[in-house]
Structures are given as structure tokens and as C-alpha cells.
Amino acid sequence: MLAKLLQAVTCLMLLGQAAHAFEPATEKVTDNVYAIVGEIDQRSAENQGLNNTTGFIITNDGVVLVGSGATVGSAKMLEAAVKSVTDKPIKQVLNIGVQDHHWMGNSHFLAQKIPVSALAKTMEGQKAQESMNRMRLSSGIGGKPEDLTVEYPSETFDGDEKTLTIGGVEMSLRYLGDAHFPGDAVLWLPKEKVVFTGDIVFNDRMLGILPEISKVKDWQATFNKVAELKPEHVIPGHGNPSDWATAQKDTGDYLDWLVTEVGKSLDEMEDLGDAVKRLSADETFNFLHMHEELNGRNIHQSYLQLETE
Ligand SMILES: [Zn+2]
């Protein structure tokens, strides 16, 4: 009996350690803006679904956190990242993304009476994709989809653009078109020339064209709209913060390549299987992490989408 109890206690301690094993990196981008860089790999129990990048803005009135992580566990990692650079409290959370790790930690902040705001369009996307997000997340981190505590933003704004001035910092939520998920938005800081792009930009790792969800041509068009803002600093949805040239190289050029190369393949009436095989052998984007598992799937999806145009 005692041995069993001890075993259970040890097991719980190990679980506790595992939950705290991952710590995201906090990187200064400008004087008052920081990126929080999550794991570059897949979701796991250790990273609690925080395999994405987010960040925060320090204002005169407190901190604006962009994104809330995937779970209460990853929300706490973001909170700790904020505390590592400032004593100011989190005053406001903004949701710009529809995929799990951009908003499914909302409940942790709402429980502290911290408002969570988003464009209404983003919240519509969150609602539409919630069950899929729950499944994908729980299969990555363990547990049951129905056990996740999921809460929507407490405040939404109609239309494609909402400018907020918080603690003297002007910031603008903008929907520029669908990308990785329908309803994904950006946060633009015109004075600092910083853009939080959410999953519109993947740096350092290959993006994923998800069946039924991501439309490669829409994503390409939306990416080009973000470029029109002429950002000097990019805080992407995945990977490290960068300049725009890096975002162009790691995301924009790859989207262009998919649309162009798969388009040519269709013009030449190449068979789907042949196209995937031939284009997967192209090494242009092999510098991106996770290309082995994603490139073939992305070519396959792009083919199916462009074929029906
Ligand atoms: Zn993502």
C-alpha cells in the first residue's frame, strides 16, 4: 500500500517536472516590444502546445500580451516570460490567431479579470475551428479534448480594422485576408513598425497547408498585404523574430513557389502522384525545419486546391 502510494507520489512529481520542463525564449525586439519564442517542433506535454511564437508590448499602463498560449499551462509560461522582463502587470490580452496555441489559454487570464479582445472575425474562426483545435491539441499534449478549458475573447470588434491606444502605444488589429486559418489577423504598431503576424508568417520552419482550412492562394495574397505595411520588425506565428526579408524568404517565397510550381504542373497535366514526387525532390526549401514531413503534404494540398480553380 505504502509502496503504491510512494509510486503515485513519485509519478505526480515527475509529471509536475515535465509540465515545467519547457521554457520559451524571451527576445527584445524594440525598446518596449518583446517576442516569446516557443518550441520550433511539434506540440508536446512538456511545451503544453506552446510550439508557436507570440509576444508582448510594455506600455505606460501595463503590459499588452498578444496571444494566450494553448492551455492554462502554456498561458503560465507566457506570464512568466513577461515577469522576467517587467514588474508591470498584464493589463490586456489580444487574440490575433485562430489556431489553438494563439488563444486557447484565454481562461487563465479571464479568471484574473484581464480582458481578452479580438476582431469579431477572429472569434468566428475560433468558434468554427474549436473542435478541430481541441482534437489536434489533445493528441499532441495528451488528455481528452473535452477536458480543455476553452474561453472566447471577452470583447470583440466588428469590421476588418480596430485601432487601440493603450498606455500611450498605438496598435491596430487588422484582418488582411485568410491565411493558415480563416479569421487570422495581425497586430500592427505603426510607430515602432512592428507587426505581430500570427500564423501568416512562419520563420525557420516550414508552414503547413491544412486540408479544408488553409487556402494556399489566399495565404499568398494575405502575406503580400502584410508586406504593404512595410514592417521593420516581424514577430511571426512560428520561429524567431526577424526583419521582413527573412519572412519573405521563409514564408512568402515558399508560398510563391507552391503556387507557381504546382500551377505549372497542372498546366502540363501532370498526374498528382508524379507532381508530389517530382516537386518533393526539389531542395530549395530544405533549409526550413520540418520540411521532410510537410513539403510533400503541402504540394499535395496545393495541387488539389489549384486543380479545382
Ligand atoms: Zn500555429
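All ligand and atom numbering here is 1-based and tracks the order in the structure. Only this structure's heavy atoms are used, side chains among them; waters, hydrogens and symmetry mates stay out. Bear in mind the structure is a predicted one, so any value in this text is a computation, not a measurement. Position 1 is the first residue of the sequence, and the numbers go up from there.
- In summary, H238 places an N/O/S atom under 2.8 Å from the Zn ion (ligand 1), meeting the contact criterion.
- Between the side chains of N95 and H102, not a single donor N or O lies within less than 3.5 Å of an accepting N or O.
- Within the structure, ring-ring contact (aromatic ring centres under 6.0 Å, His included) pairs that include any residue of residues 145-179 comprise W103-Y152 (at least two apart or interchain).
- At a threshold of 2.8 Å, the Zn ion (ligand 1) has a backbone or side-chain N, O or S atom of Q99 nearer than that distance.
- Listed by first and then second residue, the side chain to side chain donor-acceptor pair (under 3.5 Å) pairs that reach into residues 200-216 are N203-S242, D204-N240, sequence neighbours excluded.
- The name of the N, O or S atom in D199 nearest to the Zn ion (ligand 1) is OD2.
- For the pair S68/H108, no side-chain contact is recorded, criterion being any heavy-atom separation below 4.5 Å from C-beta on.
- In terms of distance to the Zn ion (ligand 1), the nearest N, O or S atom of H101 is named NE2.
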